[in-house]
Amino acid sequence: MRGKTYLRVLSLLGVLTLVCGLGASSDRPPVNIDQISVRAGVLHTKILLESNMPLVILGSHYLEGAAPTLVIDTNKISSQDASNLRFGQSSIVSNIQIDNATEDTSRLIFDLKEQVPYRIYSDPKGTVIEFNRYQNGQKDYVLESELQAKIESQSMPSAYLMDIQVASNPDRVDVVADLTEATLSHVFVLNDPLRLVVDLHNTLYTRKATNYTVNKLGVEKVRAAQFQMGDPYTITRMVFDLKRPQLYSVDTRGNKLVVSFFDRQEGIVKPNGDTEAAAQPEPPPVETAAPPKTEFPEVRVKPAQDPEQEEQAAQFAPRTIAEKTTRFQGEILTMKFRDADLQAVVFYLAEFAGLNVVFDPGVTGIVSVSLVDVPWDQALDVILKQNKMGKVIEGNILRIAPMSVLTREREELLRLEESQELSGPLKTRTFWLSYSRASDVQALLTSKISQRGELIIDNRTNTLTITDVEDRMAILESMIEVFDTPTPQVSIEARIVEASSTFIRNLGIQWGFRSIQDPYYGNQTSLKFPNKTLIDGALIPRGIVTKGISGPLGGYAINLPAPAFTTALGISFANVLDTFRLDMALTALETSGSGKIISAPKITTQNNQEANIVQGRQIPVQTVANFTVTTRYVNAALELRVTPQITAEGTVIMYVRIENNAADFANLVNGIPPITTQSAETTVMVPDGGTTVIGGIYRTEDSITREKVPLLHKIPILGNLFKSFARTKQNRELLIFITPRIIK
């Protein structure tokens, strides 16, 4: 009574802690985590968070769409101690981070190597996060050392499993195992398929293998059977077949073992429905501890489709026309035999399945098997194949005979069926095909026609006439229903955008001078020789106009005009009688422009059929060979070729080729313009109605030209009189967009 009262008080304290933690989280001092340590076991990895006060667990979840990352929301954690945390090595956990989510809450972020089941519970030193590994099978039975020591201390069976009960609540499923006394349990998870296994050691099961159907909260059914008998342990096994990873707990309550499955919730969930928000500092008793929260990786569920998508998915779904595969649907059992008689083992399986059994003469053999959780019919097939035996089930009678006997009987039966087929009545049917060509369907059905069958097609009416026996006719009709279906269509729109921008800036200068000193003008030099001079800084000979503009002097000594200009300014200085003259011309040009060309070809085609659309012109090109003039035409046009393929998921795979060719009449060669080509070819997958860019070309040209007079252009400031400047910038951009739309 004291233990139960203690647990009730402990649960009440947990609920009060949750209420206080949610209502006054801002008043709670931050938790200081002193150390993080790792306890790596065989099946589990435990992360121990040692702190000065209990952590308040507000929730936990795996991040979707990212690497395996577990996030646990807690009350405020002091970040100043995060740099002093010590972390060991683990095969599951690769890194731990502490992040302050809000002013009152923090986050523990665990970077994992894979998503695995986990649980959170209290420890005498702090809070424990336990990660459970998946096992793909059970080649070797693995036990933790502490549990193995306890089991080996009890060599004889000490408990009996009397009954199993399944109790269902709106938010929980409880599976209660009724035992004669408490026993030791071993819990682990098997993958492919997903199963939760609870082994009851030193326990006997008083019944034969039983199944319990659940079908709630991801639990399909529960199976129980005697797994081992003293080799090396006596084990009763409970197996829970799960549709998906599910939150669960295992709790011992006196002589009852309770395995509970919960709906996904925040906090730490107890079997009695209470929610524990804070890890308790006091360690609860081992056998009656409140089960910690175990959370599995996120299970992604395919979103619901609209009616059109469902119809499309049904159209592409596989259809079964004829099936000859073997499916094992028998009840699950576990069996171990060593050097047992074949007939005795078959008797055991027949009794388990509720069948009568008959043995042909010559059925002998020895069986040594160890099978765990396999259907009984699969176990029977394996045992018979091992001994070169076969089986025939007629009603509730199981017949066992050597394979040679059954093979001979099947051959005789096949010859009988063939003779009946050849001698049976023929049936003739005519099919009017709506969506397929009769010749195409004929080629697909030829291999299914019997020796007496016949296929006749009429291309004029697109009909198919079949004559064959009744059995073959049914298969042929099913195949025609599959082949003669409407082919979906795809509307494909392409947008080709060509954008260009141009900027040009030119600056140039021209200048020249003339100086005359002559007695004729009265400005002779002061020297006897020479007493007159003539300095001519104009282009010689006069009257010849070179690049730029001409001036009064007929030209310029410094002739550096702009390469192209729209503005010119001329300046002329002269003294009396033109004995000294200075002419100058400034030329300049600045232009900018932008352009955009949008081409939008659109075409509709059937699934898996190529479509082609061309828009533009053809350039005639003549060639002369052996006095013969041949003219051929080259496309200078926009051409779109596309072959769509619709997938079952509603996406479109496209093989696309786009060519955007244009004639360059500015650069004729023998009167024929060259072809400027832009093309793209690719295979892409695009959602219905989605847009993809399959081609993008961005080209930038930036050129600067300077003309200079050697040495003189380097003179500060005055050097500008001895040079010209020209700059050209061109940007060209080509984008090709493709948008497929499935026509409903």
Who passes side chain to side chain donor-acceptor pair (under 3.5 Å) against [X], sequence neighbours left out?
X      : result
Thr74  : none
Thr682 : none
Asn387 : none

Margin query: Please enumerate all residues that pass salt bridge (charged side-chain N to carboxylate O under 4.0 Å, His left out) together with Asp377, with sequence neighbours excluded.
Written below: none
Note to self: Once salt bridge (charged side-chain N to carboxylate O under 4.0 Å, His left out) is applied, do any residues pair with Asp341, and if so which ones, sequence neighbours excluded?
What the structure shows: none
Next item on the list: Quick one: list whatever passes ring pair (Phe, Tyr, Trp, His ring centres under 6.0 Å) with Tyr205, sequence neighbours left out.
Entry: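 None.
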Margin query: Any donor-acceptor pair under 3.5 Å linking the side-chain atoms of Ser368 with those of Asp339?
Written below: yes
Is [Y] paired with [X] through a side-chain N to carboxylate O contact shorter than 4.0 Å?
X      : Y      : value
Asp241 : Arg195 : no
Asp373 : Arg223 : yes
Asp73  : Arg107 : yes

Notebook entry, point to check: Is Lys336 positioned over the aromatic face of Phe227, cation under 6.0 angstrom from the ring centre and no more than 45 degrees off axis?
Noted result: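 Yes, Lys336 sits over the ring of Phe227.
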Check: Which distance, rounded to the nearest 0.5 Å, do you find between the CD1 of Ile109 and the CG of Asp99?
Finding: 5.0 Å
Checklist line | Pairwise distance OG(Ser106) to CG(Leu55) - rounded to 0.5 angstrom | finding: 9.5 Å
Next item on the list: On the 0 to 90° scale, with breaks at 30° and 60°, tag the His201-His186 ring pair as parallel, tilted or perpendicular.
Entry: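 If you compare the ring of His201 with that of His186, the planes turn out tilted.
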Check: So, the side chain of Asp688 versus the backbone of Ile742: is there a donor-acceptor pair under 3.5 Å, distance only?
Finding: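 Checked: pair present.
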Margin query: Tell me if the CD atom of Glu351 is crowded by more than 12 foreign heavy atoms within 6.0 Å.
Written below: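 Open.
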